[in-house]
Each structure stands twice: as C-alpha cells, then as structure tokens.
2 protein chains.
Amino acid sequence: MRPESRYRQIARILRREIHEGILPRGGRLPSEKQMEERFDASRNTIRLALGMLRNQGLIVSRPGRGHFVQDVVPDTFHANRSGSKGLNESGMAGQNLEELQLLSATPDIASRLRVPEGAMVVVRRMYRFSGEISSSVSAAYYPMDLVQDTPLMLPQDVESALAVLAEYGQRQVGFVDELQTRMPGPQEADQLELPPGVPVLVVHRTDLSEERPIRLVHTVYAGHSIRYQYEHGDMSAYHRD
Amino acid sequence: MRPESRYRQIARILRREIHEGILPRGGRLPSEKQMEERFDASRNTIRLALGMLRNQGLIVSRPGRGHFVQDVVPDTFHANRSGSKGLNESGMAGQNLEELQLLSATPDIASRLRVPEGAMVVVRRMYRFSGEISSSVSAAYYPMDLVQDTPLMLPQDVESALAVLAEYGQRQVGFVDELQTRMPGPQEADQLELPPGVPVLVVHRTDLSEERPIRLVHTVYAGHSIRYQYEHGDMSAYHRD
DNA sequence: CCACCCAACTTGTACCAACAAGATGAGAAG
DNA sequence: CTTCTCATCTTGTTGGTACAAGTTGGGTGG
C-alpha cells in the first residue's frame with residue numbers, strides 16, 4: 001500500500017473545505033504562495049492540487065486575481081413542455097439565429113433524418129443565452145424538400161419552426177432524444193465560455209411527423225448550467241402540491 | 001493578441017492527429033522523451049499538453065506503459081422501454097444488489113418523494129456492469145411505509161421492484177427524469193473506474209403512482225460509456241425502416 | 001526448460017528557478 | 001478631485017533536476 005501523493009492530499013483537504021462551506025461558493029482561495037506555507041509544499045505541488053480541483057469543476061482560476069470556488073446554479077430545461085421554448089427564470093433569456101447554411105447530409109445526419117446520404121439539408125445554427133452567459137449552441141437540420149418555399153429558408157428568426165412545418169403539412173407528433181456527455185473540445189469551450197473541468201451535455205433530438213423525421217436538432221449545453229428534465233406518463237401526483 | 005502557449009499548440013497538434021486517425025483509437029502515443037525531441041520542448045511542457053488531452057477524455061495514461069488514445073464505445077440506454085431493464089448488447093451485462101440501508105430522508109430526498117424531512121426511507125444500492133467494467137452505480141429510495149412487509153425490505157435481489165410495489169397497491173403510472181452532468185468526485189471515479197477527463201451523467205428518476213411518488217432512483221453513469229435515449233409521442237415514423 | 005533477477009524503459013511525483021502577463025491599489029501628478 | 005503610473009501581488013508558462021514506481025524483455029542461473 002503506497003501512501004497518497006502529496007498533491008492529492010492537498011486537493012482532498014481543499015475539496016472537503018469547499019463541500020463543508022468553509023470556503024464559500026464564489027469565495028476566493030488563499031493564494032498559491034500562502035498555500036505553500038500552509039501545506040509546506042512547493043508551488044508546483046500546490047498547482048497540481050489546484051489543477052485537479054479545476055478539472056473537477058470545483059474551482060475556477062483567474063490570472064492576476066486568484067482561485068475561486070465555482071458558483072453556477074443550473075437552469076432546468078423541461079424537455080416535453082412546449083416544443084421550442086424551454087428555459088425559464090433568470091431574466092434576459094433568449095435565442096438568436098446565428099447562421100443559415102445548405103449542405104449535403106453526412107452519414108450521421110442522413111441516418112437520423114432518414115434521407116439518402118449526400119441529400120441536401122438546410123442548417124439553422126443558433127445560440128441560446130440566459131443573462132450574460134450563453135448556455136447552449138445548437139444546429140437544426142431540415143430535409144431540403146420539406147422547407148423549400150417556407151420561411152425556414154430565409155435567414156431570419158422564426159417564431160416556431162415546428163408551427164411552420166405543420167402549416168406545410170408535416171405536423172410533429174413525437175420525438176426521440178439522445179443524450180450524451182463528454183468534455184468539450186477547445187472550440188466548444190470557447191463558444192460557451194466554459195472554464196476547465198466543466199463537461200457538456202449533448203442532445204440529439206429527432207422530431208417526427210406521422211410519416212417521417214422532419215427535423216434534427218443538435219444542441220450542446222454547458223454542463224454546469226443545465227438540468228434536463230423529462231416527464232413520462234401520468235404526472236399528476238408529481239405536480240400536485 | 002498574445003500567441004498560443006506552447007503546450008496548447010502541442011495539445012492541438014496531437015488532438016488533430018487523434019481525430020484524423022493518424023493516432024488510431026487504442027494506439028500508443030510516442031513516449032514523453034520522444035515528444036521532447038519532436039516538439040523541442042521540456043518534459044514539463046509535454047506533460048502539460050498530455051494532461052490537457054487526458055482531462056478532455058481523449059487519452060488515458062498508464063504508468064510504465066505509455067499514453068494511449070481513448071477507445072470506449074457507449075451503450076445506449078432506452079429510458080422508456082420496460083421500467084427496469086435497459087442496457088442492451090455487449091454480453092455479460094447485469095446488475096447486483098450491493099447494500100440495503102435504512103436512513104432518514106435528507107431535504108433533497110424528502111422533497112422528491114414528497115415525504116416529511118427526516119422520514120424513514122429504505123435505500124437499495126446497486127451497481128450495473130456490462131462486460132468487465134461497471135457502467136453505473138445507483139441507489140433506489142423507497143418511502144418506508146410503502147415497502148414495509150414487502151420483499152424490498154429483504155437484502156436480496158428482486159426481479160422487478162415496480163412489480164412488487166404494484167402488487168402492494170402502488171402501480172407506477174409515470175415518472176420524471178432529471179439529468180445532469182458533472183465531473184466525478186474521487187470516490188465516483190474509483191467506483192466506476194473512470195480515467196481522468198471522463199464526466200458522469202447523473203439521473204434522478206422519480207417514479208409515480210396515481211397518488212404519490214413511490215420511488216426515487218439516483219443513478220450515476222460513466223459518461224463515456226452511456227447514451228441516454230428518450231422517446232416521446234408517436235414514434236412509428238422512427239422505428240419504421 | 002523454467003524461474004528469477006535485473007537493466008532499461010515508461011509515467012508519476014516533487015522540487016527549484018525564472019520570467020510573462022493580468023489585476024489592483026497606493027500614490028504621484030495634473 | 002481626477003487621472004495616470006507604477007510597485008506589487010496574483011496566476012500562467014517554460015525550463016531544469018531528481019527520484020519513485022510500474023512494465024517489459026532479456027539474460028542468467030538453477
């Protein structure tokens with residue numbers, strides 16, 4: 001049995017102090033130099049410990065300022081209330097169309113939309129924000145033949161894309177969600193302004209009419225600011241107070 | 001505009017080689033000494049780059065062996081097929097009862113089960129594995145008054161807990177799932193044998209009868225080995241081939 | 001032929017030094 | 001009083017060294 005390494009000990013101690021509230025959320029940790037003395041370890045070792053906590057999403061580090069206890073409370077996303085909207089609370093929420101694009105379906109997109117590989121699809125990229133921070137980026141893929149001659153071909157926001165599709169004869173009657181989690185790539189970390197140690201929640205939603213898939217939405221959420229909620233069956237006992 | 005730091009450059013180069021398949025999945029990276037020469041950087045800098053990739057879940061490191069490209073393909077969990085089972089494929093899957101315990105409800109558990117804070121609840125902890133690796137750990141919480149005098153009070157596996165509850169008058173008619181992602185704590189990383197850089201998917205499922213919540217299941221999945229799938233509404237267009 | 005040991009490789013931990021760069025507040029200058 | 005500068009504190013980056021510990025394969029000795 002080998003002893004726990006020094007930096008892991010230090011990380012464990014700090015982790016405990018965070019969980020117990022000795023170091024309050026949003027509060028600043030002692031500087032690295034102060035910790036050198038407190039733990040009688042070199043700065044490198046201290047930084048190894050802090051790096052662990054950072055990669056566990058417990059602290060964020062700001063150059064020149066210090067290390068701070070992470071302090072983000074997640075919003076709840078209600079997956080099966082009202083097809084398009086969802087984020088609640090926290091004023092200043094909204095979403096914007098970022099870009100409209102045409103491309104030919106990759107194997108993954110094609111299989112989900114049930115169109116031939118290489119078929120043309122319309123992509124509408126958007127980002128959603130709540131308050132200051134953007135909380136998700138998403139892309140919606142439509143089979144070209146469905147959206148031809150609809151407002152969805154125009155580079156402007158639409159009230160409800162599903163309502164538009166319904167007007168043109170394809171009403172959404174169900175969906176399949178596929179959820180996955182992983183660490184963000186550098187590009188995603190940048191877009192979502194994610195500090196190290198925060199994973200992303202990836203959601204693939206396939207919207208369906210009675211006949212066929214009509215839309216694929218690929219959304220990447222910042223993991224520390226989202227709770228995804230699903231309801232199934234008879235919920236009366238839950239919402240009763 | 002400040003230049004990209006050396007170790008980030010190196011990480012970016014290696015990341016690209018991994019994504020392009022130049023470094024195949026499961027394959028071994030050059031040793032740190034070799035990379036020192038290739039990138040003309042100190043071992044410290046190389047290790048910073050490798051640490052980044054490790055914390056992004058792209059590589060795993062084995063002392064004495066080397067650094068390897070991560071190679072795990074996720075299973076799909078079908079959330080609303082058959083109440084209890086779910087994991088498919090990959091032979092040797094199963095689950096075992098780990099521990100049975102009585103405790104008084106914490107505020108969080110109490111509010112989800114709609115019981116008074118401090119009320120007694122029965123906890124059944126279990127782990128699920130597929131093949132060699134354990135893929136999730138979970139704990140099911142039952143209000144004490146529901147499971148008294150049922151097999152769920154006994155420390156042995158039961159075929160279907162929901163079937164037992166139905167026998168005793170509380171049939172499940174719906175559920176609420178709440179999904180969340182975060183980095184694992186050290187204890188979770190240990191139980192699930194998670195390498196650094198792999199987040200967990202946390203699912204709180206509240207099962208409901210027509211009258212009240214009858215069970216709360218808290219499950220922690222290894223993020224790199226799980227896809228959570230959810231279906232809603234009319235799915236015929238999706239399963240039609 | 002087999003078992004053991006050890007040299008040589010690997011990554012992990014820990015230390016030191018130095019400089020860069022972001023942030024802040026005190027104090028000088030207007 | 002207001003504004004600017006700068007000393008000083010902070011974290012970030014990069015270099016170095018040394019030793020510990022896990023792994024492997026070859027060679028030695030039985």
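Reminder, nothing fancy here: chain letters follow the sequence lines and each chain counts from 1. The structure displayed is predicted, hence computed values, not measured ones.
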(message) Under 6.0 Å from the ring centre and within 45 degrees of the ring axis: does the NZ or CZ of Arg62(B) meet both conditions for the six-membered ring of Phe68(B)?
(response) yes
(request) Using whole Å, report how far CZ of Phe68(B) lies from P of dT10(C). (result) 12 Å
(message) Can you see if the side chain of Ser5(A) gets near the phosphate of dT13(C) - specifically, an N or O under 4.0 Å from OP1 or OP2?
(response) yes
(request) Ignoring backbone atoms, establish whether Ser42(B) has a side-chain N or O less than 4.0 Å from OP1 or OP2 of dT14(D). (result) no
(request) Confirm from the modelled atom types if Arg43(A) and dG12(D) form a donor-acceptor pair under 3.5 Å, side chain to base only. (result) yes
(request) Look at the side chain of Tyr7(B) and decide which nucleotide, out of dT14(D), dT10(D), dG12(D), has an atom nearest to it. (result) dT14(D)
(message) Any side-chain N or O of Arg47(A) below 4.0 angstrom from OP1/OP2 of dT13(D)?
(response) no
(message) Can you see whether Arg12(B) engages Gln9(B) through a side-chain donor-acceptor pair at a distance of less than 3.5 angstrom?
(response) no
(message) Determine whether Arg8(A) and Glu4(A) satisfy the following criterion, salt bridge (charged side-chain N to carboxylate O under 4.0 Å, His left out), listing intermediate values before the conclusion.
(response) CA-CA 7 Å; Arg8(A) 287 176 188 273; Glu4(A) 187 184 25; over 6 Å; no
(message) Taking the nucleotide of DNA chain D with the nearest heavy atom to each, does Arg6(B) or Gln34(A) sit closer to the 5' end?
(response) Gln34(A)
(request) Measure from CG on Leu29(B) to P on dC9(C) and round the result to the nearest Å. (result) 20 Å
(message) Nearest whole Å is fine: how far is dT10(D) C1' from Arg62(A) CZ?
(response) 13 Å
(request) Verify the contact: side-chain N or O of Ser61(A) to OP1 or OP2 of dT11(D), cut-off strictly under 4.0 Å; return yes or no. (result) no
(request) Whole angstrom is fine here: how far is it from CD1 in Ile10(A) over to P in dT13(C)? (result) 12 Å
(request) Provide, to the nearest angstrom, the distance between the NZ atom belonging to Lys33(B) and the P atom belonging to dA8(C). (result) 14 Å
(request) For dT11(D), take OP1 and OP2 only and decide whether either is under 4.0 Å from a side-chain N or O of Arg65(A). (result) no
(message) Between the side chains of Glu178(A) and Arg227(B), is the shortest nitrogen-to-carboxylate-oxygen separation below 4.0 Å, so that they form an ion pair?
(response) yes
(message) Nearest whole Å is fine: how far is dT11(D) P from Leu48(B) CG?
(response) 17 Å
(message) With nearest nucleotide decided by heavy atoms, which residue, Gly64(B) or Ile46(A), maps closer to the 5′ end of DNA chain C?
(response) Gly64(B)
(request) Tell me whether the OP1 or OP2 atom of dC15(C) has a side-chain N or O from Thr45(A) closer than 4.0 Å. (result) yes
(request) Check whether any side-chain N or O of Tyr230(B) sits under 3.5 Å from a backbone N or O of Asp177(B) as a donor-acceptor pair, and report yes or no. (result) no
(request) Take the protein atom CD of Glu32(B) and the nucleotide atom C1' of dC9(C), then report the distance between them rounded to whole Å. (result) 12 Å
(message) Please report the distance, rounded to the nearest Å, between CG in Asn44(A) and P in dT14(D).
(response) 13 Å
